[in-house]
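Comments concern the structure below.
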Amino acid sequence: MGHQERGAREATPAAGDMSAEEFRRFGREVVDWVADYLARPERFPVLAQIEPGQLRSRLPSTPPEEGEPMSRILEDFERLVVPAVTHWNHPSFFAYFATSASAPGILGEILAAAFDNKSMLWRTSPASTELEEVALDWLRQLMGLPEEFGGVIYDTASVATLHAVAAAREALNLRVREDGMSGRADLPLLRLYASEQSHSSVEKALIALGLGQRSLGKVPADNEFRMDAAALGHMVEEDRRAGHLPFCVVATVGTTSTTSIDPVPEIADICAREKLWLHVDAAYAGSAAVAPEMRHVLGGCERADSLVTNPHKWLFTPFDLSALYCRRLDVLRRAFTLVPEYLRTPEQEVVRNGSDYGVQLGRRFRALKLWMIIRYFGAEGLASRIREHCRLARLFASLVEESEDWELLAPVPFSVVCFRARNAVEGETDAERAARLDALNERVMNGVNSTGEAFLSHTKLKGVFTLRLAVGNIRTAEAHVLRAWQLLNEQLSKLG
Ligand code: PLP
C-alpha cells in the first residue's frame, strides 16, 4: 500500500484506541486498496500458490511486546498475507460454489463492524433485529415464498440446518429439551431422510444433536442425481414397521455436486401423509428463484416447514449470512429459548429477541449488508446477474458438448457444469480407460489450478472423477469462462 510514512512509528499510548485522525488515514488507504483489488483481482493467482506452512514460517512465533505502526502491519499484510490468500472474490474462481463479496456488501460489513452490536436482544440492537425482519421478508418475497415463513439469520447453512432439525425434533414433543436423549428407554430410534447427494451438514446436524449417524436414512438418487421419492416412501414404511420414529426429511434444491433438484412436490406429499417435518436445503440454488423465470425451481417448497438459503453463496453477500425460513418459528423458539434474569427485558413479550432462536447468545449485525445489497442492486439487478451466470454456465456446457474431447456428466439447471475429458486410447479395456481418465482429469485440473489463472474443483459422480466449473462471482464475464475453457484444452493437449 502506498504509505505516506513507511516505517515511521505512530505513538501507541497506554490507553484508548487508534486516534480518529490515524483511523481516517489508514481507513482511506485500506479502502483504496480494496477498490483496486476489486477492480483488478486478476493480478493475483486465484489459488494461493504457496506450500503448507510457508506463511507461518515467515511470521514471528511470539506476539510483539509493544504496539507496531499500522503502516508496517499493512506492509506485512501485502508482502506476507496476500500471497497466502486464495481469492474467492476473483472472477476466475470456479471451484466449489463460486461466491462474491459485492462492494455494497463490503460497505455494510465495515459499518456493522463499527457498531460491533451483539444482536441477542431487541434492545441490544433494535436496528439489527428489525432490519433482519425486513431484509429477510424482502428476500422471501424475491424468492416467491409464502408469507407464513418467518426468517432467522445464522452464520452458515450448516448451522441453519442444525437448528431446523432441532425444531423438527422439538415438534415431536418428546421432552428432549428437558430430559435429553441419553439413558432413555422410552425413545425409539428417530429417523431423518436425505438423499445420498445431500450435503454433509445434514449428517453433521444429527451428530451434533446427539441423534447420531444411525438416524440418517440415505435415500438413493436417480440417474440425474435427484432423490428417488418412491424409495423415500418405502424407507419410511420399513422404518415404521421396525418400530423406528421417522420425523424429518431434508430435500435439496441445488445439490452440492451437480445442483440437481429433488422432487419437492412428491416429497412434500410423503411428508404430509407421514407427518414428517420437511426441511429444504436451498443453500446454493434458492438465490436462483430471485429471477422470476426460475422461481419454479422452488416448486413445492411453499409446503415445507423450513428452508435454508445462503445469500453468501449466490446473492453477492460477503460471508457469512445464511437465511433460515420457518413456518413454525414458535417451535424453533421453544427448542432454544432460555432467558436468565440478566437478559430479561420489559419488552420481551412484544419484540423478537434473536438469542431465543438458536444456540448463540450474541449475534453479528449481518442484516445490514443484505439490506444494503438488496437496495443497491434491486430485484432486477439481482435477477439479471443470476441470469447471466446461468447463461455463462450454459455457454461453457455447449462448448463441452460440441467437443469430441470432453463430455458433460450431469444436467446444468443453474450455473454449475460437471464434465470431464474423455479422449480414447486404442486397445484399452473399460477398466483401464476408467482409471486412466480419472487420473488424466485430475492432472488436467491440477494443471489449470497451478497456472493461477483459474481455479476449478472436482467431485465424484457414479464413481467417476468429475470436474466442476461453478460460475457465481459477480465479476465473472464471458472472457473468464472462455479463458478457463482454453486453459483446460491446453492442459489436455499437454497431458492427454
Ligand atoms: N447445503 C448445500 C447444498 C451446500 O452446497 C453447502 C455448501 O456448499 C451447504 C449446505 C453448507 O453451507 P455452509 O458453508 O453455509 O454451511
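Note that the numbering runs from 1 along the sequence shown for the chain. Both counts, for ligands and for their atoms, begin at 1 and track the order of listing. Given the structure is predicted, the values throughout are model-derived calculations rather than measurements. All heavy atoms count here, side chains included; hydrogens, waters and symmetry mates do not.
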Query - Contact atoms of ligand 1, heavy-atom distance to Phe97 under 4.0 Å - result: 5 (O), 8 (O)
Requested in this report: Name the orientation class of the two ring planes belonging to Tyr37 and Trp33 (parallel below 30°, tilted from 30 to 60°, perpendicular beyond 60°).
Outcome: parallel
Requested in this report: Establish, yes or no, whether a centroid distance under 6.0 Å links the rings of His163 and Phe336.
Outcome: yes
Query raised in the report: Quick one: are the ring centres of Phe396 and Phe419 less than 6.0 Å apart?
Result: yes
Query raised in the report: Looking at atom 14 (O) of ligand 1, what's its closest protein heavy atom, distance included?
Result: Lys313 NZ, 4.0 Å
Report summary line: Interatomic distance, CG@Leu232 vs SG@Cys271, rounded to 0.5 Å, equals 6.5 Å
Report summary line: Taking only non-hydrogen atoms of Asn310 and a 4.0 Å limit, the atoms of ligand 1 in range are 12 (O), 13 (P), 15 (O)
Report task. Using a strict 4.0 Å cut-off to heavy atoms of Thr256, name the atoms of ligand 1 that fall inside it. Result -> 2 (C), 3 (C), 4 (C), 5 (O)
Query raised in the report: Is there at least one pair of N or O atoms, one from His312 and one from ligand 1, spaced under 3.5 Å apart?
Result: yes
**Report entry** Nearest neighbour in protein (non-hydrogen) for atom 13 (P) of ligand 1
**Finding:** Ala157 N, 3.6 Å
**Report entry** Heteroatom distance test (Thr252, ligand 1): nitrogen or oxygen, under 3.5 angstrom
**Finding:** no
Report task. Starting from atom 16 (O) of ligand 1, find the nearest protein heavy-atom neighbour and note its residue, name and distance. Result -> Ser158 OG, 2.5 Å
Query raised in the report: For atom 1 (N) of ligand 1, which of Asp320, Asp155, Asp281, Val250 has the closest heavy atom?
Result: Asp281
